[in-house]
Every structure is written in C-alpha cells, then in structure tokens.
Chemist: 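Sharing a structure here in structure tokens format.
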There are 2 protein chains.
Amino acid sequence: MTPQRAAILKVLTESHDHPSVEQVYELVKRTFPMTSLATVYKAVTLLKEEKEILELGFANESSRYDGYKPYPHPHLICVKCQKIIDTEIGLINNLTQELADQYGYQIVNQRVDFYGICPQCQQKKDDVLR
Amino acid sequence: MTPQRAAILKVLTESHDHPSVEQVYELVKRTFPMTSLATVYKAVTLLKEEKEILELGFANESSRYDGYKPYPHPHLICVKCQKIIDTEIGLINNLTQELADQYGYQIVNQRVDFYGICPQCQQKKDDVLR
DNA sequence: ATACATGCAAAACATTTGCATAAGA
DNA sequence: TCTTATGCAAATGTTTTGCATGTAT
C-alpha cells in the first residue's frame with residue numbers, strides 16, 4: 001500500500017459524489033503531483049476486484065465509482081446536473097425476490113438506477129418560469 | 001427509409017436476445033453484404049433518439065439493444081452465459097413511487113438490471129457436480 | 001435539384017498494457 | 001535482493017465523424 005494508492009482509496013471512500021477516474025486523478029494530483037492517470041486506473045481496477053469500491057458504468061461516458069457504499073444499491077441520477085446520490089430503500093428486496101421466484105434466477109448482483117430531476121433542479125426550473 | 005435501414009430495424013425489433021451493434025451488423029450483412037459498420041451505428045443512434053430501441057450500456061463492453069420492448073423495464077442478465085431476458089414485474093412501480101416520495105425526485109427513466117444465474121446454467125452446474 | 005443515406009478511413013475517447021525505472025519489504 | 005508500484009508511451013476497442021459518392025424523391 002503506497003502513499004498514492006492510499007490517497008486514491010481515501011478519495012474514493014470519502015467522496016459521496018461518485019467521482020470518475022479523471023476526477024480522482026485530479027484530486028490525488030493535489031497531494032501527489034507526479035501521479036499518472038494509468039496508476040489511478042490500475043488502483044481502481046484492483047479496488048474494484050477486491051470489492052472495496054463499486055463501479056457504475058455507462059454507455060459512452062466514463063464510469064463513476066462509489067467507495068463510500070461499495071455494495072450494490074439503487075442510485076438516483078439527476079438528468080439535469082448529473083449528480084448521483086445513494087438510496088436505501090426497502091422494496092428492493094421484495095423486487096429481487098419477485099424476480100427470483102418468477103424467472104428462476106439465482107440473483108447475485110444488481111444495478112438499479114433511476115433517472116430523474118433532483119429537487120434542486122426542479123427548483124431552478126421554477127425560478128426560470130417565475 | 002432505405003432498405004438496409006429497414007433491415008437494421010427489423011433485426012432489432014425481431015431479436016429477443018438484445019444484440020450488440022456488431023451482431024446487428026453481421027446479421028444485416030447476410031442480406032446486404034455491402035453494409036458498413038458505420039451505417040449500423042448511425043441507424044442505431046437515430047433509432048435510439050426516436051426511442052424505437054432501448055440501449056443497454058455497460059462498462060467496457062459493447063452496448064446491447066432492445067428493439068422488441070423499447071421502453072425501460074427490468075432485465076435479468078445471466079453471469080454465466082451473458083443471456084439477457086426481459087422481465088415484467090409489478091413491484092417496479094412501487095419502487096419508483098417510494099424513491100420519488102422519499103427523495104423528492106421526478107423520475108423520468110430507469111435502468112434496472114439484476115445479475116444472476118439462469119435456470120439453464122444452474123442445471124449445467126448440477127451436471128458437473130453429479 | 002436537393003436532400004439524405006452510404007461506405008470508407010480517420011479521429012476521438014476511455015481504458016488497458018508493455019516496459020523500464022524506482023521504491024519498499 | 002526481490003517483489004511490486006509507478007509513469008510514460010503505445011496499443012486496444014468501441015463509437016463517432018468527415019467527406020466524397022451514390023440514391024431517391
């Protein structure tokens with residue numbers, strides 16, 4: 001565990017805003033200016049395998065990472081400001097069970113994202129209309 | 001609407017196995033051997049914008065497309081054979097409502113994937129152990 | 001004629017890899 | 001010393017784009 005790898009992990013576990021590799025790289029460079037992007041990618045790949053961070057991959061945009069709650073859980077993604085927030089909802093277990101029962105799958109993982117407009121961006125819309 | 005664009009749409013709407021662009025390209029080439037990959041990409045981009053097909057994007061693998069049920073719905077993805085199947089489950093609306101209530105989001109879209117082992121692959125595992 | 005679709009090649013972008021160097025146990 | 005991490009550059013794979021050509025209304 002080298003200093004910059006510790007710094008990478010620290011950024012990931014302390015960020016609640018699901019940073020991309022590029023964002024992690026920028027933050028780590030503040031304390032370790034010599035750090036290269038490849039090193040961040042390598043560290044993230046390892047952390048992902050060890051399940052210390054959760055990867056949220058998207059089509060044609062950079063993956064974002066959750067080191068704060070590194071287990072599968074539903075996310076809310078704002079389509080206006082791109083903010084991603086964690087959720088904790090009870091019904092997800094019921095849903096998993098319903099699927100397992102209905103289709104005979106042994107569920108081992110999940111990826112549940114809801115896209116919407118966050119309260120702040122709804123407010124902004126009101127401002128414009130006023 | 002040119003012949004190969006019609007062929008692309010036909011492949012996408014008639015496939016239930018969520019093909020990738022590459023797979024669509026291979027299928028379309030059977031009837032239109034001159035077709036280029038770029039043309040398939042361009043057609044898919046258009047169809048996606050018109051919401052005639054649904055894109056399922058992943059981290060570091062090709063997007064797969066659903067032209068058979070081109071509206072957001074939960075998918076079951078087998079981690080053994082990579083098969084993707086459509087689901088229709090009742091609880092999803094409850095979940096959406098719970099999130100909207102709890103976090104104040106106006107939900108506009110969803111991406112719900114459950115990863116698991118399909119019944120066929122569970123069977124294969126049994127075969128090996130027997 | 002005019003607009004749009006096509007096909008090829010090149011570009012763009014995120015991510016991974018090879019390899020020589022550097023550092024830590 | 002020996003293993004592993006680093007940093008740079010090059011390679012990879014997917015998707016997009018520019019542009020000249022072709023096709024259809």
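Heavy atoms only: backbone and side chains are in, while hydrogens, waters and symmetry mates are out. Per chain, numbering begins at 1; letters A, B, ... match sequence-line order.
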Chemist: Over how many whole Å does the gap from K48(B) atom NZ to dT16(D) atom C1' extend?
Modeler: 10 Å
Chemist: Taking only the side-chain nitrogens and oxygens of T45(A), find out if one of them lies under 4.0 Å from OP1 or OP2 of dT16(C).
Modeler: yes
Chemist: Just N and O in the side chain of T2(B): are any of them under 4.0 Å from OP1 or OP2 of dT6(C)?
Modeler: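 Answer yes for this pair, as a side-chain N or O of T2(B) is under 4.0 Å from OP1 or OP2.
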Chemist: Say you draw a straight line from NZ of K80(A) to CD1 of I117(A); how long is it, rounded to the nearest 0.5 Å?
Modeler: 5.0 Å
Chemist: Counting only heavy atoms and a strict 4.0 angstrom limit, can you tell me which residues of residues 27-34 of chain A come near DNA chain C?
Modeler: none
Chemist: With sequence neighbours excluded, give me every ring-ring contact (aromatic ring centres under 6.0 Å, His included) pair touching residues 10-53 of chain B.
Modeler: H16(B)-Y68(B), H18(B)-H75(B)
Chemist: Under the salt bridge (charged side-chain N to carboxylate O under 4.0 Å, His left out) test, which residues partner K83(B), sequence neighbours left out?
Modeler: none
Chemist: Given dG13(D), is OP1 or OP2 found less than 4.0 Å from the side-chain N or O atoms of S62(B)?
Modeler: no
Chemist: For I53(A) versus V44(A), what's the shortest heavy-atom pair and its separation?
Modeler: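 Of all heavy-atom pairs spanning I53(A) and V44(A), the closest is CD1-O, 3.7 Å.
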Chemist: Measure CZ/R64(A) against C1'/dA14(C) and give the value in whole Å, please.
Modeler: 15 Å
Chemist: Report which part of the nucleic acid T39(B) touches: base, sugar-phosphate, or nothing (heavy-atom distance under 4.0 Å, all strands).
Modeler: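 Here T39(B) touches the bases of the nucleic acid.
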Chemist: Measure the distance from CG on L37(B) to C1' on dT6(C) and round it to the nearest whole Å.
Modeler: 13 Å
Chemist: Without decimals, in angstroms, what is the distance between E26(B) CD and dT14(D) P?
Modeler: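 Value for this atom pair: 12 Å.
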Chemist: Take the protein atom CG of L46(B) and the nucleotide atom C1' of dC4(C), then report the distance between them rounded to whole Å.
Modeler: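 Distance, rounded to whole Å: 11 Å.
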Chemist: Is there a side chain to side chain contact (heavy atoms under 4.5 Å, CB included) between K10(B) and V28(B)? Walk through the geometry before answering.
Modeler: CA-CA 9 Å; K10(B) 183 167 151 62; V28(B) 170; over 6 Å; no
Chemist: Where along residues 4-22 of chain B does a heavy atom come under 4.0 Å from DNA chain C, residue by residue in number order?
Modeler: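 Heavy-atom cutoff 4.0 Å gives Q4(B), R5(B).
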Chemist: Please list, chain by chain and in numerical order, all residues satisfying salt bridge (charged side-chain N to carboxylate O under 4.0 Å, His left out) with E55(A), sequence neighbours excluded.
Modeler: K48(A)
Chemist: Less than 4.0 angstrom from a charged side-chain N to a carboxylate O is my criterion; do R64(A) and D66(A) meet it?
Modeler: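 Not counted as a salt bridge, because no side-chain N and carboxylate O are separated by less than 4.0 Å.
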Chemist: Whole angstroms only, please: what is the CG-P distance between L56(A) and dA14(C)?
Modeler: 17 Å
Chemist: Among T87(A), I92(A), L95(A), find the residue that satisfies the side chain to side chain contact (heavy atoms under 4.5 Å, CB included) test when tested with V112(A).
Modeler: I92(A)
Chemist: On the nucleotide dT16(D), are OP1 or OP2 found under 4.0 Å from the side-chain N or O atoms that Y41(B) carries?
Modeler: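 No, because none of the side-chain N or O atoms of Y41(B) sits under 4.0 Å from OP1 or OP2 of dT16(D).
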Chemist: For D113(A) and N109(B): C-alpha separation, side-chain torsions, deciding distance, then whether side chain to side chain contact (heavy atoms under 4.5 Å, CB included) applies.
Modeler: CA-CA 9 Å; D113(A) 294 341; N109(B) 202 355; over 6 Å; no
Chemist: Phosphate oxygens OP1/OP2 of dT14(D): is one of them under 4.0 Å from a side-chain N or O of N60(B)?
Modeler: no
Chemist: Could you report the tightest heavy-atom contact between A100(B) and I107(B), atom names first, then the distance?
Modeler: CB-CG1, 4.3 Å
Chemist: Just by distance, no angles: are the side chains of Q97(A) and N93(A) close enough, under 3.5 Å, to form a donor-acceptor pair?
Modeler: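 Judged by distance alone, the side chains do not pair up.
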Chemist: Report the distance from atom CG of L47(B) to atom P of dT15(D), rounded to the nearest whole Å.
Modeler: 15 Å
Chemist: Using 0.5 Å steps for rounding, measure from the CD1 atom of I77(B) to the OH atom of Y105(A).
Modeler: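 Interatomic distance, I77(B) CD1 to Y105(A) OH, rounded to 0.5 Å: 9.0 Å.
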Chemist: Listing time: all N or O pairs from protein to nucleotides 18-23 of chain D that are below 3.5 Å?
Modeler:
unit_1: dG18(D); atom_1: O6; unit_2: K42(B); atom_2: NZ; d: 3.1

